[in-house]
Amino acid sequence: MNSSSLNFTVSSSLTYRDSPSSAVAKNVIIVALGITINYINGTLIHTFRKHQIFYMNPRYILFIHLVVNDMIQLTTSISLFVFSYIFYRISTSFCCFIVTFAVFTTVNSPLNLALMAVECYIAVCFPLRHAELCTIKRTYFLIGCIWGLSAATVLPDIVLILATEPLWLFNSTVFCERDTVFRHPISIKKRDVSYIIFLSGVWLTLLFTYLRIFCAAHAANSADGMAKARNTILIHGFQLLLCMLTYVTPLAKMFLVFLPIAQYVQAYFFWYILIQILPRLVSPIVYGVRDSTFRQYLKKYLLCSIGEVNKLHP
């Protein structure tokens with residue numbers, strides 16, 4: 001399929017509208033999932049804030065940064081989804097603002113997961129140097145570097161659109177998604193190159209760190225350690241795979257356009273849930289509830305909350 005037919009199919013999908021019942025069902029599903037996930041994440045943040053022990057551990061600082069980042073990403077993503085049904089077209093300036101935050105946070109997630117993998121690798125393979133290498137100050141510095149790398153992927157697009165697009169465009173309305181706002185060929189090419197770089201870098205980091213963790217468990221001749229290492233690699237690898245699907249979205253679109261327009265829209269809705277919603281649902285379970293220390297304090301918070309409710313409503 002050549003580029004003109006690809007653009008025609010994508011443009012046609014933008015003009016295709018779901019039936020009222022289908023549109024309501026999709027929005028109810030997405031909003032309900034968003035509220036549920038953000039409530040869970042809000043509980044995790046509250047638990048983190050209430051206990052000093054988490055402030056002094058780089059692992060939990062990285063985890064809570066991931067949670068906050070996911071809440072911002074989920075809110076912006078769902079807002080764009082709902083706006084596309086209620087208003088269809090919104091102000092280009094407002095769209096640029098929301099898309100910028102969405103891109104920031106979407107890129108942040110895999111990078112944050114890669115840092116968490118490195119921290120876990122140091123804790124297992126270099127336990128005596130963990131406190132020296134993984135300090136609180138370095139953790140916050142690396143979080144700043146994550147945001148800096150994310151900024152490097154989207155700020156040039158903003159400069160490019162300001163330099164090449166007419167001013168009236170910012171007072172017009174558009175169907176809001178990244179490729180309709182940052183539509184310059186240079187922006188699209190830069191996006192593809194940056195995605196390839198991030199995809200390669202994060203996966204190499206994951207493979208190196210978790211293979212070394214597994215080898216360390218094997219060298220210790222511990223069956224329990226090997227089983228735990230294997231489970232950790234599988235679970236964290238699955239979570240990272242979900243986050244990394246963001247980087248192959250342009251490629252997925254190229255395959256989806258072979259479908260009829262109605263099926264394309266339904267398939268894209270499924271893809272949206274897979275890459276935008278599901279990773280944010282899995283993260284609290286994998287890195288929060290599954291962690292024994294965090295789970296212990298989380299249980300105390302939930303039990304106290306239930307006790308207070310029972311007092312108010314005997």
Side-chain angles (χ1 to χ4, degrees), residues 41-76 100-101 103-156 194 197-213 216 229 232-233 235-237 239-240 243-244 279-280 283-284 286-298 300-301:
N41 285 337
T43 303
L44 295 175
I45 293 173
H46 182 77
T47 303
F48 176 86
R49 289 180 60 252
K50 289 295 183 179
H51 300 94
Q52 189 70 25
I53 185 175
F54 298 127
Y55 288 71
M56 308 307 295
N57 192 318
R59 180 177 306 170
Y60 296 115
I61 294 174
L62 289 172
F63 165 65
I64 216 64
H65 173 254
L66 179 66
V67 170
V68 173
N69 181 82
D70 281 355
M71 290 185 72
I72 297 172
Q73 193 278 337
L74 196 63
T75 302
T76 55
T100 299
F101 270 97
V103 173
F104 265 123
T105 52
T106 300
V107 173
N108 281 349
S109 292
L111 298 178
N112 197 101
L113 291 172
L115 276 184
M116 293 175 74
V118 172
E119 188 278 333
C120 185
Y121 159 71
I122 295 174
V124 172
C125 298
F126 304 98
L128 298 180
R129 299 195 60 194
H130 180 266
E132 174 191 350
L133 296 174
C134 300
T135 63
I136 304 301
K137 185 176 181 180
R138 285 179 180 172
T139 302
Y140 284 114
F141 172 76
L142 290 173
I143 289 174
C145 290
I146 289 176
W147 283 90
L149 286 173
S150 301
T153 66
V154 68
L155 292 183
S194 64
I197 293 173
F198 286 143
L199 181 68
S200 303
V202 172
W203 269 113
L204 286 174
T205 301
L206 177 75
L207 288 173
F208 174 78
T209 53
Y210 284 132
L211 284 177
R212 290 299 300 270
I213 290 172
T232 299
I233 292 170
I235 295 174
H236 289 201
Q239 162 64 2
L240 189 56
C243 289
M244 298 298 286
R280 275 81 224 175
S283 289
V286 172
Y287 299 101
V289 178
R290 190 170 171 267
D291 182 89
S292 58
T293 303
F294 205 97
R295 185 171 64 248
Q296 175 186 353
Y297 286 95
L298 183 61
K300 290 181 180 179
Y301 167 72

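Atoms considered below: every heavy atom in the structure, side chains included; atoms not considered: hydrogens, waters and symmetry mates.
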Nearest 0.5 angstrom please: [X] [atom1] to [Y] [atom2], how far?
X: Phe63; Y: Tyr60; atom1: CZ; atom2: OH; value: 9.5 Å
X: Asn69; Y: Ile143; atom1: CG; atom2: CD1; value: 10.0 Å
X: Cys120; Y: Arg212; atom1: SG; atom2: CZ; value: 13.5 Å
X: Met116; Y: Thr209; atom1: CE; atom2: OG1; value: 12.0 Å
X: Arg280; Y: Asp70; atom1: CZ; atom2: CG; value: 5.0 Å
X: Leu62; Y: Leu113; atom1: CG; atom2: CG; value: 10.0 Å

| Are any of the side-chain heavy atoms of Ser109 and Leu66 separated by less than 4.5 Å? |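 Side-chain contact under 4.5 Å: yes.
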
| field | Test item: Asn41 and Val68 side chains (from C-beta on) under 4.5 Å apart, heavy atoms | value |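 No - every pair of side-chain heavy atoms lies 4.5 Å or more apart.
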
| message | Checking Val107 against Leu149 for the side-chain contact (heavy atoms from CB on, under 4.5 Å) test, could you report, in this order, the C-alpha distance in whole Å, the side-chain angles of both residues, the deciding distance, and whether it holds? | response | CA-CA 8 Å; Val107 173; Leu149 286 173; 5.9 Å; no

| field | Tyr121/Phe126 aromatic ring centres below 6.0 Å | value |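 When the ring centroids of Tyr121 and Phe126 are compared, they turn out to be within the sub-6.0 Å range.
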
| message | Restricting to side chain to side chain contact (heavy atoms under 4.5 Å, CB included), what partner residues turn up for Thr75, sequence neighbours left out? | response | Asn38, Ser79

| task | Output all residues satisfying side-chain hydrogen bond (donor to acceptor under 3.5 Å, both in side chains) with Thr205, sequence neighbours left out; order by chain, then residue number. | result | none

| request: Step by step, work out the side-chain contact (heavy atoms from CB on, under 4.5 Å) result for Ile122 and Val118. | output: CA-CA 6 Å; Ile122 295 174; Val118 172; 4.1 Å; yes

| message | Show every side chain to side chain donor-acceptor pair (under 3.5 Å) that has at least one partner inside residues 136-156, sequence neighbours left out. | response | His65-Trp147, Asn108-Ser150

| Working for side-chain contact (heavy atoms from CB on, under 4.5 Å), residues Arg49 and Tyr55 | CA-CA 8 Å; Arg49 289 180 60 252; Tyr55 288 71; 3.9 Å; yes

